[in-house]
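Comments concern the structure below.
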Amino acid sequence: MHEAYDIHGVQEKWLPIWDELAPFRSGRKDDPRPKKYVLDMFPYPSGDLHMGHAEAYALGDVIARYWVQRGFNVMHPIGWDAFGLPAENAAIKRNEDPSVWTYENINTQRASMRRYACSFDWDRVLYTCDPEYYKWNQWIFLKLFEKGLAYRKNSAVNWCPDCQTVLANEQVVAGLCERCDSSVTKKKLNQWYFKITAYTERLLEDMKQLEGKWPDKVLTMQRNWIGKSTGAEIKFQIEDRAESVVVYTTRPDTLHGATFMVVAVDSELARELATGSKVESEFNKYFESVRSASDIDRLATDRTKTGVFLQRYAINPVNGERIPIWASDYVLADYGTGAIMAVPAHDQRDLDFARAMKLPVKVVVDTGEADPNETGIATEGIGKIVNSGSISGLESMAAISKIIDELAKKDQATATANYRLRDWLISRQRYWGTPIPIIHCSKCGEVPVPIEQLPVKLPDSKTVDLKPKGISPLATAADWVNTQCPKCQGSALRDTDTMDTFVDSSWYFLRYTSVNNQQSPFDDHEVKTWLPVDQYVGGVTHAILHLLYSRFFTKALFDMGLVDFNEPFTRLLNQGMVIMDGSAMSKSRGNLVRLSDELERHGVDAIRLSMVFAGPPEDDVDWSDVSPSGSVKFLNRAWRLSGDVTSKPGVNFSDGNIDLRKITHKALHDISFAVESFRFNVAVARIMELVNATRKAIDSGCGAADPSVREAVEGIAISLSLIAPYTAEEMWERLGHKPSVALAGWPKIDDSLLTADAVTAIFQVNGKIKSRIDVQPDISDSELEAMALSDPAIKSEIEGIKPKKVITKAPKFVNIVL
RNA sequence: GCCCCUGUAGCCCAAUGGCAGAGGCAGACGACUUAAAAUCGUCCAAGUGUGGGUUCGACCCCCACCGGGGGCACCA
């Protein structure tokens with residue numbers, strides 16, 4: 001039986017010692033170390049931790065632990081995103097308060113995190129369902145309300161029939177509810193919104209700060225989501241109507257080609273134009289058919305165009321042509337002005353409609369492609385303008401600015417931009433969330449709950465009918481709903497909706513700085529000390545939702561003077577998913593791997609190591625490609641080294657074997673570099689290399705007693721402490737040191753040991769390698785070139801031909817071009 | 001349909017315009033062992049998806065195509 005350490009024994013051994021030492025407590029007032037805020041996205045407490053958490057928290061931990069070793073005062077907090085539907089649904093099923101299920105899961109997860117050796121600061125924990133937390137949600141809501149950034153409006157909203165609540169645009173994915181995949185329908189409701197659209201340009205502009213620091217993918221997704229387009233608003237006179245209609249177009253250069261106008265069937269304008277006309281009943285029939293269609297149907301791209309001619313005409317401002325006005329569902333009521341000028345020759349959707357309705361097609365841009373009249377394919381590119389009066393002959397770009405100028409003088413056009421981003425709908429018709437702190441008074445209207453009355457706590461769940469029925473369960477708590485108007489003292493009603501749980505996570509990173517503060521959401525001084533977050537770690541699933549909302553909150557708080565930075569997360573790392581056999585793990589697929597089973601089998605360190613070593617962090621980890629037993633083997637191999645070292649702690653390393661010392665210093669240097677550039681898999685490979693080299697040095701090199709061996713093994717223990725804390729702690733103890741290795745500090749790297757004694761130079765002829773030779777690393781270009789030219793292999797290649805060119809980069813290579 | 005990422009050994013992955021291989025998994029062989037496990041050691045394999053181009057030199061940069069993944073998709 002070869003010596004091996006007891007995986008589970010060491011876990012039980014070190015946990016209480018770490019509890020005692022609390023090596024990751026941050027924020028001592030007199031701490032002289034520079035700060036670093038490393039943040040993992042907090043979990044939703046939906047049961048125990050799973051493989052995905054194991055990966056994410058292993059990666060975040062490497063970063064946090066690394067900066068501690070590098071001498072930083074690292075804040076690495078954790079909390080729970082504890083409001084939300086699963087708790088409520090469980091509560092209904094179990095007939096108990098949602099908090100019971102929630103806190104049971106939180107306790108389970110907390111115990112698992114402790115065991116998983118997460119380097120969290122356990123003094124900075126928060127739960128969003130805690131009234132001490134959501135009180136500040138309400139406080140921020142009221143601040144936004146005061147600034148006009150929180151408002152209520154009546155409009156058609158996304159409704160999930162399964163969750164029985166409304167959803168924000170961001171929470172509808174391809175017509176389906178992002179939570180439960182039900183088909184989302186529309187419902188006309190009076191709902192609360194946050195005015196994120198007031199920040200559109202800044203959300204877009206400030207992304208420049210994040211370039212290179214956030215994954216490009218996330219920035220692209222946010223840009224797409226915001227969806228900026230530039231163009232012009234153009235006024236069209238309408239026959240027999242005093243007011244003109246404004247349309248938005250990105251292609252004012254095609255204005256002469258507008259042969260009809262289309263208004264959104266569900267717009268006010270369409271209703272007005274149809275009312276009292278001969279086509280009113282036909283319009284109503286069409287309107288009803290469109291209204292009952294699901295989003296899924298509506299979004300199908302290959303759907304044939306439908307519409308109703310409203311028997312009305314608009315006048316094209318550039319040529320006075322009468323163009324018919326149609327109502328259709330292919331124009332959206334809430335984008336642009338809800339009406340468009342249709343240019344069938346140069347827009348595929350308009351062309352499809354024109355062909356379906358037998359409307360004329362007029363080519364006004366020559367793109368060099370075939371006539372859309374014949375091909376049925378609109379020529380959407382830019383080109384030379386034709387048949388367009390004053391702008392004929394211009395290129396599209398020049399034509400756009402000219403026509404806008406001309407029309408602007410007559411007050412018929414304005415250059416403008418449009419965005420896809422809509423305001424954030426935050427009211428939800430469910431119980432387990434933050435109550436909206438507004439009182440509705442028949443005399444005074446929407447009255448904010450006075451600050452000193454916060455929090456507006458949720459009514460006791462026993463007094464509430466939790467079953468979803470389309471209105472908020474809070475409405476059934478009569479005693480809670482009926483209250484007094486803070487202004488006129490008359491009887492009034494509380495708002496019964498709760499906030500979207502994304503509100504909770506939009507500022508939690510600020511609360512960590514002062515979780516026990518009862519006077520304000522966060523302590524000014526602490527926020528100045530710690531924020532912004534230096535490193536955020538989490539899944540790409542939040543690329544739009546959470547990250548966009550948090551950026552919006554930060555900017556709003558900045559404008560209120562509450563924070564002094566405008567981007568919350570300086571750097572972002574997106575880890576991939578843990579999958580199995582090529583697809584996402586799920587019970588129904590039968591490919592679920594249970595984290596607890598894996599931990600039981602291989603131990604915490606081996607699982608953490610496997611996660612980190614599996615590949616680049618942003619790639620998915622396929623668990624079927626991972627060998628946790630290989631990790632166990634490696635950890636044993638590293639651990640055994642610590643028992644072989646015979647020199648005493650504190651021995652002078654400079655007396656050690658130079659070869660091993662060079663390997664050690666190079667390895668430690670490379671490991672730092674790899675960790676700082678998020679190539680953790682490479683860092684692990686370097687540690688493995690160092691372990692192999694040390695093994696060799698002990699068995700067949702300088703021997704176990706050499707000081708260089710101690711230096712190497714100590715370096716291994718410290719590096720491993722980022723990834724495999726239990727093993728590292730055991731090694732550190734066996735090396736004769738006191739715990740914790742987490743605080744040992746990164747070894748000082750001696751630059752003079754980083755240069756090799758000799759390097760292999762290569763000699764090429766026409767880029768092909770012909771010879772190689774070991775040279776001094778400080779050899780000069782001319783020396784190396786001379787060596788190359790006198791090298792026998794090279795000489796025979798050259799054979800008296802005079803080289804055209806010789807490229808020399810000492811000490812690496814010489815390339816002779818013939 | 002549009003945009004982005006990606007393709008290296010049987011597999012997971014390294015290689016920051018300069019020797020294609022750092023590390024691991026799997027495999028083969030040897031040492032130790034009565035034997036096996038564990039351990040230690042040795043070995044094994046691709047010329048970088050395909051075709052062009054730039055360069056003295058390309059896995060790396062550019063273009064096209066093929067395969068895989070992702071995002072957007074009636075947003076005027």
Side-chain angles (χ1 to χ4, degrees), chain A residues 1-4 174 215-221 223-225 227-229 231 247-251 254 262 264 298-303 305 328-332 334-343 346-350 352-353 380 418-422 540 543-544 576 582 609-610 613-616 618-622 624-631 633-634 636-637 640 667 670 673-674 677 679 681-692 695-696 699-700 759-769 771-772 803-809 812-818:
Chain A
M1 181 70 193
H2 207 279
E3 197 186 22
D216 286 342
K217 188 177 159 178
V218 174
L219 295 176
T220 305
M221 285 170 75
R223 271 191 203 100
N224 286 344
W225 187 259
K228 180 175 184 171
S229 80
V247 303
Y248 172 72
T249 178
T250 55
R251 292 294 299 273
T254 64
V262 186
R298 218 181 58 77
L299 288 170
T301 42
D302 51 353
R303 196 160 146 260
K305 295 277 185 286
S328 175
D329 64 347
Y330 87 88
V331 170
L332 306 176
D334 58 354
Y335 182 80
T337 61
I340 62 155
M341 62 178 213
V343 184
H346 307 297
D347 182 289
Q348 192 59 47
R349 295 155 300 180
D350 296 344
D352 293 343
F353 191 83
E380 298 186 328
N418 248 299
Y419 305 88
R420 216 182 71 120
L421 183 71
R422 307 295 150 79
V540 75
I544 297 172
L609 175 66
S610 299
F613 186 50
E618 58 276 11
D619 289 5
D620 288 348
V621 175
D622 196 323
S624 61
D625 293 331
V626 168
S627 167
S629 56
S631 297
K633 219 168 95 178
F634 165 71
N636 267 302
R637 197 170 144 81
R640 278 197 311 273
D670 288 357
F673 185 65
S677 43
R679 283 145 63 244
N681 53 327
V682 178
V684 172
R686 293 288 169 269
I687 301 174
M688 289 174 166
E689 233 176 315
L690 182 56
V691 167
N692 292 343
R695 178 83 266 154
K696 205 170 211 165
D699 292 349
S700 57
V759 291
T760 307
I762 53 169
F763 298 152
Q764 301 172 316
V765 175
N766 288 335
K768 299 270 182 289
I769 294 151
S771 180
R772 56 197 75 192
K804 271 191 206 137
K805 202 174 184 183
V806 179
I807 296 126
T808 306
K809 283 268 166 70
K812 287 173 128 179
F813 73 94
V814 178
N815 185 16
I816 297 156
V817 186
L818 298 179

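Both backbone and side-chain heavy atoms feed into the values below; hydrogens, waters and symmetry mates do not. Convention: sequence-line order gives letters A, B, ...; per-chain numbering from 1. Predicted, not measured: the structure shown is a model, and the values here were computed from it.
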* To do: Scan every strand shown for a Watson-Crick or G-U wobble partner of B:rC43, both distances under 3.5 Å, and answer none if you come up empty.
  => B:rG27
* Taking the side chain as every heavy atom from C-beta outward, state whether A:Phe353 and A:Ser328 have any atom pair closer than 4.5 Å. => yes
* To the nearest 0.5 Å, tell me how far A:Asp620 CG sits from A:Asp625 CG. => 11.0 Å
* Interatomic distance where CZ belongs to A:Arg223 and C1' belongs to B:rC2 [whole Å] -> 17 Å
* **Watson-Crick or G-U wobble partner of B:rA35, both distances under 3.5 Å** => none
* Asked: Relative to the 5' end of RNA chain B, which residue comes earlier, A:Arg422 or A:Lys805, by the nucleotide with the nearest heavy atom?
  -> A:Lys805
* **A:Phe763 CZ - B:rC56 C1' separation (whole Å)** => 16 Å
* A:Ile687 CD1 to B:rA14 C1', straight-line distance once rounded to whole Å -> 15 Å
* To do: Identify whether NZ of Lys or CZ of Arg in A:Lys305 sits under 6.0 Å from the centre of the six-membered ring of A:Tyr330 and within 45° of that ring's axis.
  => yes
* Asked: Rounded to the nearest 0.5 Å, how far does OG of A:Ser229 lie from CZ of A:Arg251?
  -> 12.5 Å
* Does any N or O donor sit under 3.5 Å from an N or O acceptor when you compare the side chain of A:Gln348 with the base of B:rG1? -> no
* Asked: Going by a 90° cut-off around 0, is B:rG47 syn or anti?
  -> syn
* Between B:rG70 and B:rC61, how far is it from one C1' atom to the other, in whole Å? -> 24 Å
* Asked: With distance as the sole criterion, is a donor-acceptor pair present between the side chains of A:Asn692 and A:Arg637 under 3.5 Å?
  -> yes
* Which part of the nucleic acid, if any, lies within contact of A:Thr250, taking any heavy atom under 4.0 Å across all strands shown: a base, the sugar-phosphate backbone alone, or nothing? -> sugar-phosphate
* Asked: Roughly how far apart, to the nearest Å, are B:rC12 and B:rU6 at atom C1'?
  -> 15 Å
* Asked: OP1 or OP2 of B:rG18 less than 4.0 angstrom from a side-chain nitrogen or oxygen of A:Lys809, does that happen here?
  -> no
* So what's B:rG57 paired with, Watson-Crick or G-U wobble, going by both distances under 3.5 Å? -> none
* Structure fact -> Between CZ of A:Arg695 and C1' of B:rG41 the distance, given in whole Å, is 12 Å
* Structure fact -> Rounding to 0.5 Å, atoms CG (A:Asp352) and CG (A:Asp347) come to a distance of 9.0 Å
* Under 4.0 Å between a side-chain N/O of A:Arg679 and OP1 or OP2 of B:rA15, yes or no? -> yes
* Under 3.5 Å: donor-acceptor pair, side chain of A:Asn815, backbone of A:Ile807 -> no
* Structure fact -> Per-nt protein contacts along nucleotides 22-30 of chain B (heavy atom under 4.0 Å; B base, S backbone sugar-phosphate only, - none) come out as BBSS-----
* Whole-Å distance separating the OH atom of A:Tyr330 from the P atom of B:rA73 -> 19 Å
* Asked: Do any side-chain nitrogens or oxygens of A:Tyr335 fall under 4.0 Å of OP1 or OP2 in B:rA76?
  -> yes
* **Between B:rA22 and B:rA35 - P atom distance, rounded Å** => 36 Å
* Okay, side chain of A:Ser677, backbone of A:Arg679: is any donor-acceptor separation there less than 3.5 Å? -> no
* Is B:rG67 paired to anything, Watson-Crick or G-U wobble with both distances less than 3.5 Å, and if yes, which nucleotide? -> B:rU6
* **B:rC13 and B:rC56, which share atom name P, separated by this distance in whole Å** => 36 Å
* **Interatomic distance at P, B:rC29 relative to B:rA38, whole Å** => 15 Å
* To do: Pick the C1' atom in B:rG41 and in B:rC5, then give their distance to the nearest Å.
  => 42 Å
* Asked: Closest nucleotide of RNA chain B for A:Asn224 versus for A:Val817: which of these residues is on the 5' side?
  -> A:Val817
* Asked: Does a side-chain heavy-atom distance below 4.5 Å link A:Ile340 with A:Asp350?
  -> yes
* Return the nucleotide paired to B:rC13: Watson-Crick means purine N1 to pyrimidine N3 with N6-O4 or O6-N4, wobble means G-U with N1-O2 and O6-N3, both under 3.5 Å. => B:rG21
* For atom C1', what is the distance between B:rG27 and B:rC63, given to the nearest Å? -> 41 Å
* **d(CG, A:Asn636; P, B:rA37) in whole Å** => 17 Å
* Counting distance only, does the side-chain N/O of A:Glu380 pair as donor-acceptor with the main-chain N or O of A:Gln348 below 3.5 Å? -> yes
* Considering only atom C1', compute the distance from B:rC60 to B:rU8 and round it to an integer number of Å. => 12 Å
* To do: Could you check which of B:rA73, B:rC19, B:rC13 has an atom nearest any side-chain atom of A:Arg420?
  => B:rA73
* What integer distance in Å separates A:Asp352:CG from B:rA76:C1'? -> 14 Å
* Nucleotide nearest A:Lys696 when distance is taken to its side chain, options B:rU42, B:rC40, B:rC13 -> B:rU42
* Asked: Rounding to a whole Å, what distance do you find between A:Asp699:CG and B:rU42:C1'?
  -> 15 Å
